[in-house]
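Notes follow the structure.
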Number of protein chains: 2
Amino acid sequence: MLKVWPLGQIRNRVPSMDGQREKRKGESLVPLQSIPIKVSLPHLKASCSTCSLYELCLPLGLKPDDVDFLDQIVNSRRKYRRGEHLYRAGDPFHALFVIKSGFFKIFDLDAEGREKTTGFYMAGELLGIEAISTNRFNYNAVALEDCAVCEIPFCDLEKLSITIPALSHQFHRLMSREIIAEQQHILMLGTMKAIQRLAAFLLNLSQRFGARGYSPTHFYLRMSREEIGNYLGLSIETISRLLSKFQEEGIISVHSRDIEIKNLAGLKDLVANPA
Amino acid sequence: MLKVWPLGQIRNRVPSMDGQREKRKGESLVPLQSIPIKVSLPHLKASCSTCSLYELCLPLGLKPDDVDFLDQIVNSRRKYRRGEHLYRAGDPFHALFVIKSGFFKIFDLDAEGREKTTGFYMAGELLGIEAISTNRFNYNAVALEDCAVCEIPFCDLEKLSITIPALSHQFHRLMSREIIAEQQHILMLGTMKAIQRLAAFLLNLSQRFGARGYSPTHFYLRMSREEIGNYLGLSIETISRLLSKFQEEGIISVHSRDIEIKNLAGLKDLVANPA
DNA sequence: CGATCGGTTGAAGACCTTCAAAAGCAGTGG
DNA sequence: CCACTGCTTTTGAAGGTCTTCAACCGATCG
């Protein structure tokens with residue numbers, strides 16, 4: 001039921017973010033700054049070949065020379081501050097985006113202007129593919145913390161794919177991965193009770209943080225309770241109550257948006273047996 | 001909130017199926033035989049160039065010569081009888097499938113063996129793309145009526161895409177279209193009440209039948225109440241009750257799996273204002 | 001300081017599910 | 001032709017899950 005990351009572990013593990021999240025009295029609970037991932041040095045030059053997200057991203061399977069060609073079409077200098085839009089529904093589509101660091105949410109706005117969060121995306125994940133068929137973005141993407149993003153002009157990507165079959169193949173794999181993730185979201189919304197959904201959601205985050213070299217048991221939620229509820233098809237109160245319940249049962253420890261999973265097996269068991 | 005078909009209408013409209021669905025006393029309510037669509041003659045030879053699904057499918061945007069190349073890799077002779085599996089979860093992935101005629105459901109089996117329907121697919125729709133990233137099918141596909149299917153070996157498609165950029169582009173559009181459809185399913189499951197979901201489901205079928213030249217207001221449900229409920233995240237009883245309610249209100253007329261939409265605007269209004 | 005925002009907690013109630021029973025329809029065999 | 005069986009669908013009643021409404025807390029900010 002969880003988002004699958006069938007790719008291997010990241011080659012160059014980065015330090016766990018745990019140290020950054022020690023709770024200090026009076027600490028401002030503003031979301032983390034974009035967490036530097038290995039190559040995010042101040043004088044950063046676009047370079048897929050040295051990017052630690054290599055195995056989660058488009059260059060996987062490419063020969064070094066081909067990665068250089070990819071580098072030439074990627075504009076990786078874009079930064080977005082918390083709250084900034086990466087794109088809005090209706091914007092013309094020119095480029096795909098890969099998150100280099102940070103956290104985005106994707107949401108729809110209904111006729112009454114209510115937000116409906118359909119996804120959360122983190123480093124190495126591809127944004128905007130749903131716009132290919134319509135030539136416009138269909139949803140909104142907003143940074144939940146300061147983010148660095150690689151922009152990949154889509155027509156360049158298609159052209160380059162012609163000369164680099166491995167790039168084409170990896171792009172197809174990434175789109176396919178997105179479809180699997182969405183089908184699992186559908187299964188979650190269609191079959192699971194509130195307890196299972198929230199447990200599955202935490203496990204999904206855990207796995208994705210783990211796959212990026214961060215602690216899978218101790219992380220900071222970039223999204224509000226409202227956004228979680230929205231994403232899981234539940235009310236904000238239900239999310240709050242369940243987090244409290246999980247804490248009472250000793251499965252997690254919650255301090256505002258700081259989450260520590262104390263009993264990973266117990267959390268997995270909740271998905272299977274909501275009791 | 002509905003599945004979008006941003007492509008144009010089918011060029012060669014085919015006769016409405018209404019005539020076939022006149023309710024006669026004692027009529028067997030076995031699902032319709034695969035409905036012949038223009039070129040489905042007995043001595044059918046694989047030919048994308050003469051297929052009426054042209055604009056819904058991979059050949060869209062290709063030059064005639066390129067369509068011929070596509071024809072050469074497509075095996076379009078495959079037939080599936082009602083209840084037959086097109087593929088099963090875990091099967092190795094070699095080819096994508098496009099439905100030529102008929103109706104498939106996609107479902108997952110949970111640990112206890114319960115089915116969970118995640119999608120219904122009809123003519124012109126692409127099946128199996130979620131398997132690209134894992135090299136195995138992740139779900140099961142079963143024919144809900146007798147079906148004809150085009151099989152497209154995936155490595156051939158990737159190879160051909162290199163020489164035909166328009167084919168590559170159209171393939172990307174189809175994958176993107178699938179992602180949009182799934183995001184709309186997510187929105188439906190995450191935000192809508194039972195009434196809205198069923199109304200949206202009927203409207204979605206209506207639109208898809210309409211886009212294929214069939215009557216958008218009078219069609220035959222290929223799936224059971226259980227499969228509908230499963231797909232919409234609702235119980236079979238709720239589906240039954242709501243269909244009865246819609247009929248009482250004069251919005252639709254239901255006879256077993258035969259559905260006539262009497263008030264399309266009313267149905268749309270139910271999605272917006274579940275009342 | 002008061003206002004606001006995000007989060008927590010309690011109580012009431014809506015919505016949908018589950019349980020249960022019966023009806024409708026199809027297929028089989030006497 | 002009818003009785004019997006099995007399956008799907010319908011309908012009613014009871015019950016559970018989750019939402020909504022409301023109050024409150026703590027932190028932040030002008």
Side-chain angles (χ1 to χ4, degrees), chain A residues 23-31 82-83 105 114-117 144 188-199 201 220-248 252-259 270 273-275, chain B residues 23-31 82-83 114-117 144 188-199 201 220-248 252-259 270 274-275:
Chain A
K23 180 89 165 107
R24 288 183 302 279
K25 185 165 168 9
E27 179 191 25
S28 162
L29 280 176
V30 168
R82 183 160 107 94
K105 75 166 172 183
R114 278 184 299 256
E115 275 190 20
K116 173 60 198 173
T117 304
L144 291 179
M188 181 164 78
L189 293 176
T191 59
M192 289 187 179
K193 294 191 185 304
I195 292 184
Q196 297 171 288
R197 294 188 201 178
L198 185 59
F201 175 69
Y220 183 77
L221 295 176
R222 273 68 172 181
M223 67 294 283
S224 68
R225 304 287 193 269
E226 181 164 21
E227 285 159 342
I228 298 174
N230 219 322
Y231 176 75
L232 297 178
L234 300 169
S235 71
I236 178 174
E237 294 94 332
T238 298
I239 303 299
S240 183
R241 270 184 261 268
L242 286 174
L243 284 175
S244 301
K245 183 172 141 76
F246 288 178
Q247 178 158 249
E248 277 166 30
I252 64 173
S253 149
V254 193
H255 297 96
S256 189
R257 294 189 179 184
D258 185 82
I259 298 277
L270 277 183
N273 310 303
Chain B
K23 180 87 165 107
R24 289 183 301 277
K25 185 166 170 8
E27 179 192 23
S28 163
L29 279 177
V30 167
R82 184 159 108 92
R114 279 184 298 258
E115 275 191 20
K116 173 61 197 172
T117 303
L144 291 179
M188 180 164 80
L189 293 176
T191 58
M192 289 186 180
K193 295 190 184 305
I195 291 185
Q196 297 171 289
R197 294 188 201 177
L198 186 58
F201 174 69
Y220 183 77
L221 295 175
R222 272 70 170 181
M223 67 294 281
S224 67
R225 303 288 193 268
E226 180 164 23
E227 284 158 343
I228 298 173
N230 220 323
Y231 176 75
L232 297 178
L234 299 169
S235 71
I236 177 174
E237 294 94 333
T238 297
I239 303 300
S240 182
R241 268 185 262 271
L242 287 175
L243 284 175
S244 300
K245 182 172 142 75
F246 288 178
Q247 177 158 249
E248 276 165 30
I252 64 172
S253 150
V254 193
H255 296 97
S256 189
R257 295 189 177 184
D258 185 83
I259 299 277
L270 278 182

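Numbers restart at 1 for each chain; the letters A, B, ... are given by sequence-line order, proteins then strands.
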Distance in angstrom units between B:Lys193 NZ and D:dT19 C1', rounded: 8 Å
Check: B:Met188 and A:Leu189 side chains under 4.5 Å, non-hydrogen atoms: no
Nucleotide D:dC18, atom C1' - distance to CD1 of A:Ile228 in whole Å: 17 Å
Touch class at under 4.0 angstrom, heavy-atom based, for B:Ser224 against every strand present: sugar-phosphate
Between D:dT9 (C1') and B:Ile259 (CD1): distance, integer Å: 13 Å
Heavy-atom pair of closest approach, residues A:Gly229 and A:Ile239: CA-CG1, 3.6 Å
Sugar-phosphate, base or nothing in reach of B:Gly229, heavy atoms under 4.0 Å: nothing
Over all atoms of both residues, closest heavy-atom pair of A:Phe246 and A:Ile195: CZ-O, 3.8 Å
Atom-to-atom span, CG of B:Leu234 to C1' of D:dT17 - whole angstrom: 14 Å
Donor-acceptor contact below 3.5 Å, side chain A:Gln196 vs main chain A:Pro274: no
Partners passing side chain to side chain donor-acceptor pair (under 3.5 Å) against B:Lys245 (at least two apart in sequence or in another chain): B:Glu249
Whole-Å gap separating P (C:dC15) and CG (B:Leu232): 18 Å
Closest non-hydrogen atom pair, B:Ser224 against B:Glu227: N-OE1, 2.9 Å
Between protein and nucleotides 8-12 of chain C, what N or O pairs are separated by less than 3.5 Å?
residue: C:dT8; atom: OP1; partner: A:Arg225; partner atom: NH2; Å: 3.2
residue: C:dT8; atom: OP2; partner: A:Arg225; partner atom: NE; Å: 2.9
residue: C:dT8; atom: OP2; partner: A:Ser240; partner atom: OG; Å: 2.7
residue: C:dT8; atom: O5'; partner: A:Ser240; partner atom: OG; Å: 3.0
residue: C:dT9; atom: OP2; partner: A:Ser244; partner atom: OG; Å: 2.5
residue: C:dG10; atom: N7; partner: A:Arg241; partner atom: NH1; Å: 2.8
residue: C:dG10; atom: O6; partner: A:Arg241; partner atom: NH2; Å: 3.4

Nucleotide D:dT17, atom P - distance to CD of A:Gln196 in whole Å: 12 Å
Nearest non-hydrogen partners of B:Leu144 and B:Met223, listed with the distance: CD1-CB, 4.0 Å
Between C1' of D:dA27 and NE2 of A:His255, the distance in whole Å: 16 Å
Between P of D:dC18 and CE of A:Met192, the distance in whole Å: 13 Å
Axis deviation across the helix from C:dC1-D:dG30 to C:dG30-D:dC1, five-pair ends, to the nearest 10°: 30°
Over all atoms of both residues, closest heavy-atom pair of B:Leu243 and B:Arg225: CD1-NE, 3.3 Å
Check: B:Leu198 and B:Thr238 side chains under 4.5 Å, non-hydrogen atoms: no
